[in-house]
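To keep things clear, I will list the structure first and then write my remarks on it.
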Amino acid sequence: SKVNVSLSRELFTQTAKAFPTATSPIDNIIPPGGVDSPSLQDWCPSKIFCPGDLLQLVSLANLWSLNLIEDKNYFVMKPPLLQTSSILDIFEAIHDGDHAHATFEEIMDFVDTYFLGDDADLEPVLVNAFNPDPVFLKDIPDPLVKAFTQAVHMIWAQLVRRRKEHNFCNGLGCETTILPLNHSFVVPSELDREPYYWDSFWIMEGLLASELFDVANDTLQNFMDEIEKYGFIPNGGRIYYLNRSQPPLFIQMLHRYINVTNDKLTLKRALPLAERELVWWWQHRSINVTSPTSGQTHLLAFYNVKNSAPRPEVYWSDYHDAAALNCTGCFVSDLYAELASGAESGWDRSSRWMNGRDILFPDVRNTVPVDLNSILYRNHILLASLYPQESDDAKRNLASAERLRSGILDLFWNATKFAFYDFNIREGRQNMIFTAANFYPYWSGIIPNEVMESGDNAWKAFSSVNMAMNRWNGTFPATFVETDLKWDGPNAWPPHQYIILAALRLLPGNLTSKIAPIPPINESSFALIPEGQLNKTEDELWTEPLYPYVRSNLNGLGADVNFVQEIRGRTVLNGGEPQGEQEGWGDMLQRELANRYLASALCSWQATGGSVPDLLPRLSNANLSVTQSESTTGNIFDSFSVLDIVSTGKGDVLTQASS
Ligand SMILES: OC[C@H]1O[C@H](O[C@H]2O[C@H](CO)[C@@H](O)[C@H](O)[C@H]2O)[C@H](O)[C@@H](O)[C@@H]1O
């Protein structure tokens, strides 16, 4: 899938064109039950954009299905031209009120005539004092890497928006789905045209490096306004996200921002609001879990959204998933709650949430996630550090962190497999699905005693990263399970690479300073991973495509296609140059993973038309036609494939200039 990231000002007047033009009644395509009204959601009162008859009819007509890449419902981004009561009257009259037999054309006419282009409620913001050459670029020695990084830096200018006062109803006020945000914000991509909560953590890192301090401050101010108004930070900046949050990274953004800017005024406003956000998580998203090993009960956090209708932004696909549900004793409303809870986790669709259930019916609300609790642990630690050292507030946060730390180690850590797993509440045990979330505790500063004991043990905990580098061409996958879902392998996501790099960096040097072990003769890097850690046998893992129709071996030395025989175990292809003969494995894995990430971002950009004068020529049209990129100038994708560094991840993947 692909979308050109070179946005232009035209974007703001651009409308997703409706399709098809058929005059057939829409009931031809609606699965059984399609004419039933969805259950209304008290947290989402709009009669146009929240689950209800109007949204259902327009969404199920699926007007945008063919000319856009994924299942996003562009209708919910279109401000109406009339006040709600008039829109509802006109809607009632469609096909003389016999909506079940309405035609595509009638629905399309309704949308095209009475609604504006998607995003008409947003406007671009010109970034003041944009520095095309920020200091961090000076530290990049390689000219090509530097030029590519600068090209990415330049994309900021196209991603900053603000809410536009919507005054198309003669001053009487029409509805719009964008939340009343008072400050500018950065949208993550050309398709996700509102601020997103957890994306903003990485956006903040980028803004600070790019010296866009005002935009960084605006990002925090919007979040603080949201905490004041709603008590929490919603998943995204639209009304249909008001029933859920996303991984709570506000405190981490704040901490980073304060460290860089020392902005005392913002800190003063932020501290009570940061506390308030944490209270929301502990009041609304916590559960007592008893450890099967220690017998102790811990208060931990989980994702748990109240929702009993399709998510407005992906109404069609949620509705169809529910219609396809074939189980006895399960309820469609439960599925809708699960899908919304998955979205709250940031990993909206993933086999991580299967918990032994059917892949189509996630079990998010019975899963206590290791990453969420690690984030909250780190939040308490960082928040404590923002108060005076010996203050009660600092001590209170440190005590909360300590309680969480003991819960994380007790429930998620598996000392036999040297890995962290999510905890399945229904079955009262770890779920044994190895995912990139395993690395969050290290990033948050939690290192189990067994890992601290020796360098050999620490290696066991990170040996899967070594295997990924040796076995595949790309970075580290979301999970080791292959599905068509976005947050599964072989998709690899930038946030996970960031977390793994940070986790490696935080390991004490004495644990990581030895050179990496090498596999026993004729075996692959898989042999260095503790038995059962991945919950997969070696031949169940993906093999790297080498030439057309030729793949690497399922197991043994031939599976490690990137292993360089002459310097066994010391380097992998596309992993950069080792820092001397004695480079420790901690530095080695960081170097390899960072180089692989860069290779994935740069090569997929080049494969979709990216070029740098004198350094990286534009590919020929014949080459670009392979990815249908003859008219694009380079895409920055939001996920990659571990098997192919020139490719985006599969599933409903969008471009995401901020990652
Ligand atoms: O596809 C519908 C879902 O879209 C969002 O999720 C994805 O994009 C977000 C923005 O980049 C990202 O934060 C998230 O991790 C992605 O899975 C949205 O957050 C979901 O709520 C929504 O249902």
Side-chain angles (χ1 to χ4, degrees), residues 1 3 5 41 43-44 49-51 59 64 68-77 159 161 177 179 185-204 206 232-250 253 303 305 307 309-321 335-350 352-353 362 364 369 371-372 375 435-437 478-479 484-488 491-496 498-499 636-639 648-659:
S1 55
V3 175
V5 82
Q41 305 297 300
W43 55 270
C44 191
F49 297 113
C50 295
S59 306
W64 293 274
L68 285 166
I69 299 157
E70 52 141 19
D71 55 0
K72 254 198 165 23
N73 187 3
Y74 285 83
F75 174 66
V76 291
M77 299 176 192
L159 293 174
R161 317 273 160 93
T177 55
L179 292 178
F185 47 81
V186 176
V187 298
S189 78
E190 192 176 358
L191 298 183
D192 284 304
R193 302 152 180 182
E194 49 276 319
Y196 279 84
Y197 184 8
W198 83 316
D199 301 52
S200 302
F201 170 78
W202 287 279
I203 288 171
M204 178 67 69
F232 72 104
I233 298 177
N235 177 152
R238 301 252 180 203
I239 56 165
Y240 44 81
Y241 287 132
L242 282 173
N243 64 339
R244 59 180 189 262
S245 190
Q246 253 193 334
L249 290 159
F250 168 71
M253 292 179 230
Y303 296 109
V305 179
N307 183 55
R311 290 168 292 166
E313 74 281 11
V314 280
Y315 200 101
W316 189 91
S317 63
D318 279 7
Y319 184 92
H320 280 75
D321 281 356
L335 175 68
Y336 291 142
E338 288 298 337
L339 293 173
S341 301
E344 185 168 71
S345 78
W347 300 41
D348 54 355
R349 298 305 299 263
S350 172
R352 174 180 177 193
W353 309 121
V364 185
D371 45 356
L372 171 60
I375 290 171
T435 76
T479 68
D484 280 335
L485 305 177
K486 279 194 293 195
W487 293 85
D488 267 329
N491 281 9
W493 287 83
H496 296 158
Y498 172 99
I499 296 290
I636 302 291
F637 291 108
D638 68 351
S639 73
T648 173
K650 62 183 177 178
D652 45 346
V653 174
L654 322 173
T655 53
Q656 185 158 330
S658 53
S659 289

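Because only heavy atoms are used, hydrogens play no part in the values below, and waters and symmetry mates are left out as well, while side chains stay in. Atoms within each ligand, like the ligands themselves, are counted from 1 in listed order.
Set against the non-hydrogen atoms of Tyr241, the atoms of ligand 1 under 4.0 Å away are 18 (C), 21 (O). Atoms of ligand 1 found under 4.0 Å from any heavy atom of Asn235 (numbered from 1 in listed order, with element): 18 (C), 19 (O), 20 (C), 21 (O). Residue contact check: Gln246 has heavy atoms under 4.0 Å from atoms 12 (C), 13 (O), 14 (C), 19 (O) of ligand 1. With ligand atoms numbered from 1 in the order given, ligand 1 contributes 20 (C), 21 (O), 23 (O) to contacts under 4.0 Å with heavy atoms of Ala343. The ligand atoms of ligand 1 that sit less than 4.0 angstrom from a heavy atom of Gly346 are 14 (C), 15 (O), 16 (C), 17 (O). Close contacts of ligand 1 with Trp198, meaning ligand atoms under 4.0 Å from a residue heavy atom, involve 12 (C), 13 (O), 14 (C), 15 (O). The ligand atoms of ligand 1 that sit less than 4.0 angstrom from a heavy atom of Lys486 are 1 (O), 7 (C), 16 (C), 17 (O).
Checking side-chain atoms of Ser200 against main-chain N and O of Ile203 turns up no donor-acceptor pair under 3.5 Å. Although no hydrogens or angles enter the test, the distance criterion places a donor-acceptor pair under 3.5 Å between the side chain of Asp318 and the main chain of Arg311. Remark: side-chain polar atoms of Arg238 are paired, donor with acceptor, to backbone N or O of Arg193 under 3.5 angstrom. Judged purely by atom type and a 3.5 angstrom limit, Glu344 has no side-chain atom pairing as donor or acceptor with the backbone of Tyr303.
Salt bridge Asp638/Lys486: absent, no basic N to carboxylate O contact under 4.0 Å.
The shortest N or O to N or O distance between Trp347 and ligand 1 is not under 3.5 Å. Considering both main-chain and side-chain atoms, Tyr196 never comes within under 3.5 Å of ligand 1 through any nitrogen or oxygen pair. For ligand 1, none of its N or O atoms has an N or O atom of Val314 under 3.5 Å away.
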Run the ring-ring contact (aromatic ring centres under 6.0 Å, His included) check on Tyr196 and Tyr241 step by step: do they pass?
CA-CA 10 Å; Tyr196 279 84; Tyr241 287 132; 5.6 Å; yes
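Aromatic pair Phe201/Tyr498: ring centres closer than 6.0 Å.
Proximity of Arg349 to ligand 1 is not established, as no heavy-atom distance is less than 4.0 Å. Using a 4.0 angstrom heavy-atom cutoff, Tyr197 does not count as in contact with ligand 1.
Expressed to the nearest 0.5 Å, how far CE of Met253 lies from CH2 of Trp202 amounts to 8.5 Å.
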